[in-house]
Peer 1: 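Please find one structure pasted underneath; my questions will follow.
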Amino acid sequence: MKSSIYTNSKNVFIDAVNPKDYVQLDRVSTIYQSLKNSVKKPLKMILLYGKPGTGKSMFLSKLHQDLSKNQEIHYYMTPILDESEFYRVLAHDLYGFNEKKELNFTQIMKIIQKKESDEIPLILLDEAQLYSDALMEKIRLLSDTRKLKFVIALHKTQTEDLIAKEHFQTRIWESIELKNASIAELKIYIQKKLMKSNCFDSANMFSNKSIKLIYKLTNGNYRDTNKVLYSVFEIYEHYYNQDMSKINLDKISNKIIEMAAIHTGLIDA
Amino acid sequence: MHNIHELEQRWFKYKVKLLLPYIIVITFSIILVITLIFITDSQYKYNSINSNDQDKIINKPIADVEPKKEIKQTIVKKSEEKIIVNEKDTQAAKLTLSPSLDFMKKLKTDSVNSYDNTDVYVSEKFIEEKPKTTKVIKNIKPKKVTSKKINISTRETQNDIQQVIKRFKKNNNPALSLFVAKKYYKLGDYEKAYNFALITNEINNEIEQSWIIFAKSLVKLKKKDLAIRTLTKYIRHSHSGNAKVLLDDIKSGKFK
């Protein structure tokens, strides 16, 4: 049933961070390998930065999935903005500290320094731009103990660049930038993503022209691409059920791509 | 689920908005091209009309170009002089008839020769400035008005002639002007016959009948010598049998 193909294709592009959906692209794989190598080095902090939608969360998620089998790794997708809560969560996750009382920085430092272990736990902090400067400074001090290793992912904006350059300038030994996809990468990304979910017919519907248009609209941003394509297949699903004469089943129509872009706000119409 | 209808409308508006500058530019370019073509075409036509006018002016006999110098002279004198001048000209160039000035003026005032607008202007001016010559022409006119008995038929013929003149003004066909010359000759209006023979000759100087009507009209206007000279010259040029017969008739007095 073609309709279910469109439904399946639509679901492929649901914007959710799932390491299973990770699509291997040459450049992305190289960066990912570089990140994995950096983690093995005796570094205190690794900075992962890039514009929103370039795959930072997916990287952390994938890293967590891949490394969790062999080493202690903790992934915090949502920032813990309260300082005491942050310490308490760390103490609980790293050292099994179960007390519900509040912890301050001195106390967490004591707990960490008491802990003797050959393996240094890896802490992945996503959306780190949301942490306060004070907490970030504490995180830096925690990393200085060399009892913890942090991978911090943050958005690349002018202000956040300042954080990266000034606040952590002396602590970050490795910084990795994630960028939007090129046209060729975007085509591979879309087709691999669809084929991974056995949506071969949908994958074959994308011509170079339609990929070019998607790239023009999304600038190669993975999140925007997912949003547009989810909407594209939603429109196809609608037309398929309501008025099949309006769609070409063999080729993705530019009109529908533009309609999807209007719907998702990428085109201001 | 999307509101597809609304989304389609928004997409349509977006496309129109997107393509509007191109549509405007293309439309403007098309209008510009059409305007340029129109202007170029008009200029071409204007230039070609001007060049035709210039040709006409160049082809006009000397009498047409310089009328004022000899206005004070009598019609007879002028016509003689002009024909003499014309004789001189024709020795150097091709053989064409030259009108006598007074006939040309008469022709203009009668609007017979008004196939060229500039001629009409000149004739009006001429009438205003020199009423005396107009009088002289008017004095000659009674010749063509014969008797009241033939008035009815003459009017019909005149109407026919006017129709032909109108047609001639439109297309400048020498066959028409020759027809008019013959008609006037038949009606006894030898001045007009002379003038239309002259106009025919101006357009095409190879038409034998225009020379013959011209010579006959001169004889009728008591210009026998001029007629003989003109015919002699024409015969020398064309070896026309009819012209020779007419010349002999004029000389022998058979044709008066």
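By convention in this document, chain letters (A, B, ...) are assigned in the order of the sequence lines, proteins followed by strands, and residues within each chain are numbered from 1. Just so we're clear, the structure is a prediction, and the values are computed from it rather than from any experiment.
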Peer 1: If contact means a heavy atom pair closer than 4.5 Å, which residues of residues 211-220 of chain A contact chain B?
Peer 2: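 Expected list: none.
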
Peer 1: NZ/B:K15 to CG/A:N254 distance, rounded to the nearest 0.5 angstrom?
Peer 2: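 Interatomic distance, B:K15 NZ to A:N254 CG, rounded to 0.5 Å: 7.5 Å.
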
Peer 1: Counting only non-hydrogen atoms closer than 4.5 Å, does B:K13 touch chain A with its backbone (N, CA, C, O), its side chain (CB onward), both, or neither?
Peer 2: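 Neither part.
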
Peer 1: Testing A:E258, A:H238, A:M259 for side chain to side chain contact (heavy atoms under 4.5 Å, CB included) with B:L7, which one passes?
Peer 2: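 Running side chain to side chain contact (heavy atoms under 4.5 Å, CB included) over A:E258, A:H238, A:M259 with B:L7 returns exactly one hit, A:M259.
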
Peer 1: Under 4.5 Å heavy-atom distance to chain A, tell me which part of B:E8 shows up: side chain, backbone, both or neither.
Peer 2: both

Peer 1: Roughly how far apart are A:I262 CD1 and B:Y14 OH, rounded to 0.5 Å?
Peer 2: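 Here the interatomic distance stands at 7.0 Å.
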
Peer 1: Would you say that more than 12 heavy atoms from the other residues, nucleotides or ligands in this model lie under 6.0 Å from the CG of A:D243, or not?
Peer 2: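 Yes, CG of A:D243 has more than 12 neighbouring heavy atoms, counting only those of other groups under 6.0 Å.
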
Peer 1: More than 12 foreign heavy atoms under 6.0 Å from CZ of B:R167: is that the case here?
Peer 2: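 It does not: B:R167 CZ has 12 such atoms or fewer within range.
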
Peer 1: Can you tell me if A:K51 has over 12 outside heavy atoms packed within less than 6.0 Å of its NZ?
Peer 2: no

Peer 1: Any chance CG of B:D41 has more than 12 other-residue heavy atoms, nucleotides or ligands included, within less than 6.0 Å?
Peer 2: yes

Peer 1: The test is side chain to side chain contact (heavy atoms under 4.5 Å, CB included); show your working for A:H263 and B:R10 and say whether it passes.
Peer 2: CA-CA 9 Å; A:H263 179 72; B:R10 283 175 70 191; 5.7 Å; no

